[in-house]
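For this chain, numbers begin at 1 and follow the sequence in order.
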Amino acid sequence: MKKKPNLVIIMADQLRYDCVNERYMPTVSRLFADGVHFPRAYCNSPLCAPSRGAFFTGLYPNNNGLLINPWEPTDRSAGAVKAGLPNLYTLLENDWDSWHCGKQHLYTEDRFDLQPDSKTTWTHTQDDYQKDLEDRQVRAPGGVAFRGIVPEMAQGGITRARIYSMPHTGVYSEGLENYFDRYFLRGAKKAIREHDGRRPLLLNMMALAPHPPFDVPEPYASMFQDDELVLPENVGVWSPQQSPLQLYSLTGAGGVRYSRSDWQKIWPSYLGLVRLLDDVVKEIVDELIATSMFEDTLFVFTSDHGEMLGSHRLWQKFCHYEESVRVPMMLKFPDWMDIKPQVIAQAYQHVDFLPTLLDLLDLPHELRLDGRSWATAIQNATPPTATPPTATTPPTTTPPVPDSPIFIQFDGNGALGNFGRAVIDGQFKLIVDLFQNEFFLELYNLQDDPQEMNNLAFDPNYDELLHSLLAMLRQHMNKTQDSQHIPPDALDLFRSRYRPYMIGINGEEYFARA
């Protein structure tokens, strides 16, 4: 490829895949319709930093070293990509004029982003935003009223009380232009206007929305009303045979405090942030059009992970249900690259992005990446036979390549603990939830049970499949030198330990009795 496109990557933070539709994200939905859409895209870790590590390095968290958000000093060594490993920034910044604005959670041991000779321009970051507010004595969104006490493990075995965001809602009184993503938007516009025109632009815009706190500025705080919303069936429901180990982590300890009626009132604040993000994307697109750059831009949109938002009676992410690990994923190409809009049906994972991008840009490399390249499939696939669907409707294209397994891991939030592993193979997902010396298995048929309410791990009719998926997961864990272990007799142990106690209760009914 002689001509190089501009590359604009927008990554949302904590955006559910099912929110990409005309009602909540009209601009992003149109981009999806005009681009290459992966409706079955997954992150490789349901947590900010390790998810970004996988996306930007093309390596699984175990292989790049970034496993957690490094808030706990004793576990900080597990919170950085190993020194010397290439990432998207370092691979492209010689040929592209590289800019970054917004959240920066791609932590590396050598802190490539803080080096004085960095070839990337770092502007309007989250640190810059906090300093700007402090200088002007403006309150940041959130605060004590939006936080609560939850348990968190450290060093894989010590449980501590920690304070994290809870789904409390409010109106951000300092106004829209003082909100996180409006500040980041100014950085994106600066990059578009001031980049070195002798080279194509590389812009990584890392949004914060719709991540909590749900302290939402107007008009977005009042944009959606609770009585207009029909929530997914699994919101506010503790499903039969759901892993009780989730109660030891933030996602369960925080989420079980809220009923379905509570979530009905919380969702409008989240959706307000979703629309705020969509409007930010619209302004970036408009700026690219105004500067005559849009027609030469490869536009990428995704999220680092999803948000439970009450599904399975859970809060935030940190688990392996669809709402937490499935993400929106789209690439929109310039017309001159001759890649037609299409919907690719196969399961895709974030580690696939970097090898795919390098091939699409004709950038030769000798990197040993974990992801697979979709470039040939994207370039040769048949376009859809109907209007491209939204993130939640079935795909229409003929499968261009066979499915391959998706591997996802969670090693703790701000510290090591509350581990989890998952493998997705075709329509089935196996989840292994790990806490201290316990493990719990969940098996779901994603095609027949998309809201994952029927755990098949207790059903002997699925023994062959369960053994196959467990073997697949063990092989992957061994290959990546995983710190965790699944015993060879895991299925028998699991059933003997848990079958007598799994009674399939409704959350509200149970907690009322308790």
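Taking the six-membered ring where the residue is Trp, Tyr89 and His100 present tilted rings, their angle falling between 30° and 60°.
The side-chain hydrogen bond (donor to acceptor under 3.5 Å, both in side chains) with Tyr321 is formed by just one residue from the set Glu442, Glu452, Gln451; it is Glu442. Only one option out of Phe458, Phe440, Phe439 pairs with Tyr498 in a ring pair (Phe, Tyr, Trp, His ring centres under 6.0 Å); it is Phe440. Of the listed residues (Arg474, Met472, Gln475), just one forms a side-chain contact (heavy atoms from CB on, under 4.5 Å) with Val423, and that residue is Met472. Residue His350 is tested with Phe407, Tyr42, Phe38, Phe55 for a ring pair (Phe, Tyr, Trp, His ring centres under 6.0 Å); the sole match is Phe55.
Using a 3.5 Å distance cut-off with no hydrogens or angles, the side chains of Asn234 and Ser311 do pair a donor with an acceptor.
Separation of the Phe214 and Trp263 ring centroids does not fall under the 6.0 Å cut-off. The ring of Phe353 has its center no closer than 6.0 angstrom to the ring center of Phe56. Taking the six-membered ring for Trp and the full ring otherwise, the centers of His211 and Phe180 sit at least 6.0 Å from each other. Two rings, from His168 and Trp315, have their centers 6.0 Å or more apart. If you look at Tyr24 and Phe224, their ring centroids are closer than 6.0 Å.
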Show your working on side chain to side chain contact (heavy atoms under 4.5 Å, CB included) between Gln264 and Leu229 and close with a plain yes or no. CA-CA 7 Å; Gln264 189 80 35; Leu229 304 178; 3.7 Å; yes

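Within 6.0 Å of atom CG in Leu493, more than 12 heavy atoms from other residues, nucleotides or ligands are found, so the atom counts as buried in its surroundings. By the neighbour-count criterion of 12 heavy atoms within 6.0 Å, atom OH of Tyr248 is sparsely surrounded, having that number or fewer from other residues, nucleotides or ligands. The environment of CD in Gln436 is crowded: more than 12 heavy-atom neighbours from other residues, nucleotides or ligands sit within 6.0 Å. Within 6.0 Å of CD in Glu464 there are 12 or fewer heavy atoms belonging to other residues, nucleotides or ligands. Within a 6.0 Å sphere centred on CD of Glu438, heavy atoms belonging to other residues, nucleotides or ligands number more than 12. By the neighbour-count criterion of 12 heavy atoms within 6.0 Å, atom CD of Gln481 is sparsely surrounded, having that number or fewer from other residues, nucleotides or ligands.
Residues Asn44 and Pro61 share a closest heavy-atom pair of O-CG, 4.1 Å.
For Asp113 and Arg111, the salt-bridge test passes: some basic side-chain N is under 4.0 Å from an acidic carboxylate O.
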